[in-house]
Novice: 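Just passing along the structure, written as structure tokens.
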2 protein chains.
Amino acid sequence: MGERFGRRVPEPTVVRLPVYQRVLHEFARKSVSTVSSAELADACGINAAKVRKDLSHFGTYGTRGTGYEVDYLLGQIQRELGLDLERGVVMAGMGHLGHALARSEGFVAGGFRIAGLFDVEPGTIGEIVAGIRVSHVTELASVCRQEHVSIGIITTPAAAAQDVCERMAGAGVSAILNFAPTVLSVPPSIQVRHVDFSGELQVLAFYQAHPEAAAGRSEAVARLGS
Amino acid sequence: MGERFGRRVPEPTVVRLPVYQRVLHEFARKSVSTVSSAELADACGINAAKVRKDLSHFGTYGTRGTGYEVDYLLGQIQRELGLDLERGVVMAGMGHLGHALARSEGFVAGGFRIAGLFDVEPGTIGEIVAGIRVSHVTELASVCRQEHVSIGIITTPAAAAQDVCERMAGAGVSAILNFAPTVLSVPPSIQVRHVDFSGELQVLAFYQAHPEAAAGRSEAVARLGS
DNA sequence: GCATGTGAAGCAGTTCACAGCG
DNA sequence: CGCTGTGAACTGCTTCACATGC
């Protein structure tokens, strides 16, 4: 039966949900009506036991002997991820990276709407990016409150990140996605995820330089003749 | 004594190395000569035991009763990360994100050099980005071989990612950083890391929608009066 | 017969707590 | 006396293996 909610969900499981969502969407597009945990696992580059355990946290059930109905499972996962309701996000730091992310399809795909874009450069303020006018960062708080924004994205240089972070925290933002290469200090009530481009490259380089340090990396094998 | 090499290094430890590197660099810039594991942990948003355990994997030793000498430890970590030698990377997909990343400081900071930029759009090929001329992706293999490139970055749309991935694999690339929102199929000899912008946002949104599902998230507290 | 759902076992990383040493 | 380095305990995710049920 699963746990039909309430209990704790392991973070690795949560991180895999968007992958399942994407892969199931792809199956649906190809008019596949049913998938087994093995097929789904294969398409996600993981193993079948993990898929079943993950799904069991949400009480989502397949049919024994058959597998999962693609449309139904996709709907369940999208509901879990809150893809049905639109979420506003603010982004501070409209350099090259901010521009690129603001224009990315990721926002729409994930059910997000840009509620505000901010910077401090007079040359950037007033510019229209992705249909939104860039405002001065001092206006961040009022926009967040007016539009009930609870998610912030930081794409500023490292030196400005902590300041922006505190503005967001003060404006009621409770989740921050940080692309600046710096560690943020936040109260425990605020959730931070850090994306570190340069760090990821360094990790790859480390394992190349120290192959003996690598474990059973690579799970994303198999699957090719899709 | 540590293990002075040879043994396995846990992936979470490797992921933290770039953070230590950055934070130590900052301490050095402020002319701090010594740090304790507690201070270092604080600045990294983790706990002291983790720092000591991490460093012990490399046999890097501090001084009991005192702590770690910043310059020495920084040097050790940079050596581990291979920051002394320059590494060439190729990037395929010169849309907004590719442009932004190619211009980022992360390459220099991480000891990386762009050996080639690639796309398929006639309008993009020939453009100069970050001082490099964008070439057609069919030239990727020859550039990789000529310049002994072993790291590739994929910033194409999802639909093109697998093709590019196979070109890279065929050209001798053994580590790939994938920004495309898709699961790549690769032989086990190739290491892939996936950065998923939209997925990260969805994870944040999930925990906001399901606070009861959150565990003891947040470790990056404390530290403010730096 | 076949694939799910799940307790139980296994394994990995984190945290504890303290011996060891400057 | 303080802080490192580390075995041991702990916690938590993964994997196994099988009972369950279509």
Side-chain angles (χ1 to χ4, degrees), chain A residues 1-5 7-17 19-20 24 32-70 72-73 76 203 213-220, chain B residues 1-5 7-17 19-20 24 32-70 72-73 76 203 213-220:
Chain A
M1 290 286 123
E3 313 184 8
R4 210 63 196 172
F5 245 156
R7 256 62 89 249
R8 205 181 144 271
V9 182
E11 172 166 333
T13 296
V14 177
V15 171
R16 285 188 289 268
L17 288 182
V19 180
Y20 294 142
L24 284 169
V32 176
S33 62
T34 308
V35 280
S36 65
S37 59
E39 291 166 328
L40 189 47
D42 200 36
C44 295
I46 59 178
N47 67 59
K50 212 180 276 180
V51 169
R52 292 201 300 273
K53 186 69 98 183
D54 281 348
L55 298 182
S56 78
H57 283 105
F58 306 100
T60 312
Y61 14 78
T63 311
R64 295 176 191 230
T66 309
Y68 302 88
E69 210 237 303
V70 171
Y72 177 70
L73 183 55
Q76 291 296 306
V203 170
R217 359 230 73 279
S218 86
E219 212 178 0
Chain B
M1 292 285 122
E3 312 184 10
R4 210 62 195 172
F5 246 155
R7 255 61 90 252
R8 206 184 142 267
V9 181
E11 171 165 333
T13 296
V14 177
V15 171
R16 283 188 292 268
L17 289 182
V19 180
Y20 294 142
L24 284 168
V32 176
S33 61
T34 310
V35 280
S36 66
S37 60
E39 291 167 327
L40 189 48
D42 200 36
C44 295
I46 58 177
N47 67 60
K50 213 181 273 180
V51 170
R52 292 202 299 274
K53 186 70 95 183
D54 281 349
L55 298 183
S56 78
H57 284 105
F58 305 101
T60 312
Y61 14 78
T63 312
R64 294 176 191 230
T66 309
Y68 302 88
E69 209 238 305
V70 172
Y72 177 69
L73 182 55
Q76 291 295 306
V203 170
R217 355 233 75 279
S218 87
E219 213 179 359

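These values consider heavy atoms only, across backbone and side chains, with no hydrogens, waters or symmetry-generated copies. Sequence lines set the chain letters: A, B, ... in the order given, protein chains first and strands last, and positions in each chain run from 1.
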Novice: Could I get a table of every N or O pair under 3.5 Å where one atom is in the protein and the other is in nucleotides 16-22 of chain D?
Specialist:
from	atom 1	to	atom 2	distance (Å)
D:dA17	N6	A:Arg52	NH2	3.3
D:dT20	O2	A:Arg64	NH1	2.2

Novice: Which whole-number value in Å describes the distance from A:Ile46 CD1 to D:dC13 C1'?
Specialist: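 So the two atoms are 13 Å apart, to the nearest Å.
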Novice: Is any side-chain nitrogen or oxygen of B:Arg16 closer than 4.0 Å to OP1 or OP2 of C:dG13?
Specialist: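 Looking at the OP1 and OP2 atoms of C:dG13, neither is under 4.0 Å from any side-chain N or O of B:Arg16.
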Novice: For A:Val32, what residues pass the side-chain contact (heavy atoms from CB on, under 4.5 Å) criterion, not counting sequence neighbours?
Specialist: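 With neighbours one apart ignored, the set is A:Phe27, A:Lys30, A:Val35, A:Val70.
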Novice: Could you state the CG-P distance from B:Leu55 to C:dT14, rounded to the nearest angstrom?
Specialist: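 From B:Leu55 CG to C:dT14 P: 13 Å.
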Novice: I'd like to check A:Leu55 versus A:Leu73 (side-chain heavy atoms, cut-off strictly below 4.5 Å). Are they in contact?
Specialist: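 The answer is yes; the side chains approach within 4.5 Å.
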Novice: Just how far, in rounded Å, is C1' of C:dG22 from OH of B:Tyr68?
Specialist: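 Roughly 14 Å, once rounded to whole Å.
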Novice: Please identify each residue that fulfils side-chain contact (heavy atoms from CB on, under 4.5 Å) with B:Thr34, with sequence neighbours left out.
Specialist: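 B:Thr34 satisfies side-chain contact (heavy atoms from CB on, under 4.5 Å) with B:Thr66 only.
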Novice: Pick from B:Ser37, B:Cys44, B:Ser36: which one makes a side-chain contact (heavy atoms from CB on, under 4.5 Å) with B:Leu40?
Specialist: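 Testing each of B:Ser37, B:Cys44, B:Ser36 against B:Leu40, the sole residue satisfying side-chain contact (heavy atoms from CB on, under 4.5 Å) is B:Cys44.
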Novice: Whole Å only: how far is the OH atom of B:Tyr72 from the P atom of D:dT4?
Specialist: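 Distance, rounded to whole Å: 15 Å.
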Novice: Over how many whole Å does the gap from B:Arg8 atom CZ to C:dA12 atom C1' extend?
Specialist: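 Taking atom C1' of C:dA12 as the reference, CZ of B:Arg8 is at 7 Å.
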Novice: Test of understanding: with salt bridge (charged side-chain N to carboxylate O under 4.0 Å, His left out), list the residues that count as partners of A:Arg52, not counting sequence neighbours.
Specialist: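 With sequence neighbours excluded, A:Arg52 shows a salt bridge (charged side-chain N to carboxylate O under 4.0 Å, His left out) to no residue whatsoever.
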Novice: Over all heavy atoms of both residues, which pair between B:Val51 and B:Tyr20 is shortest? Give the atoms and the distance, please.
Specialist: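 Closest heavy-atom pair between B:Val51 and B:Tyr20: CA-OH, 3.5 Å.
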Novice: In whole angstrom, what separates B:Glu11's CD from C:dC11's C1'?
Specialist: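 Distance, rounded to whole Å: 15 Å.
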Novice: Can you check the B:Glu39 CD to D:dG2 P distance for me, whole Å?
Specialist: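 B:Glu39 atom CD is separated from D:dG2 atom P by 14 Å.
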Novice: Check side-chain hydrogen bond (donor to acceptor under 3.5 Å, both in side chains) between B:Tyr68 and all other residues, then give those that pass, not counting sequence neighbours.
Specialist: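 B:Tyr68 satisfies side-chain hydrogen bond (donor to acceptor under 3.5 Å, both in side chains) with no other residue.
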Novice: Among the nucleotides D:dC13, C:dG13, D:dT15, which one has an atom lying closest to any side-chain atom of B:Pro10?
Specialist: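 Minimum distance to the B:Pro10 side chain belongs to C:dG13.
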Novice: Can you check whether B:Tyr61 has a side-chain N or O nearer than 4.0 Å to OP1 or OP2 of C:dG20?
Specialist: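 Answer no for this pair, as no side-chain N or O of B:Tyr61 is under 4.0 Å from OP1 or OP2.
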Novice: D:dG5 C1' sits how many Å from B:Leu73 CG, rounded?
Specialist: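 Rounded to the whole Å, the gap is 14 Å.
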Novice: Looking at A:Ser37, I'd like to know whether one of its side-chain N or O atoms comes within less than 4.0 Å of OP1 or OP2 on C:dA3.
Specialist: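 A:Ser37 to C:dA3 OP1/OP2: no side-chain N or O under 4.0 Å.
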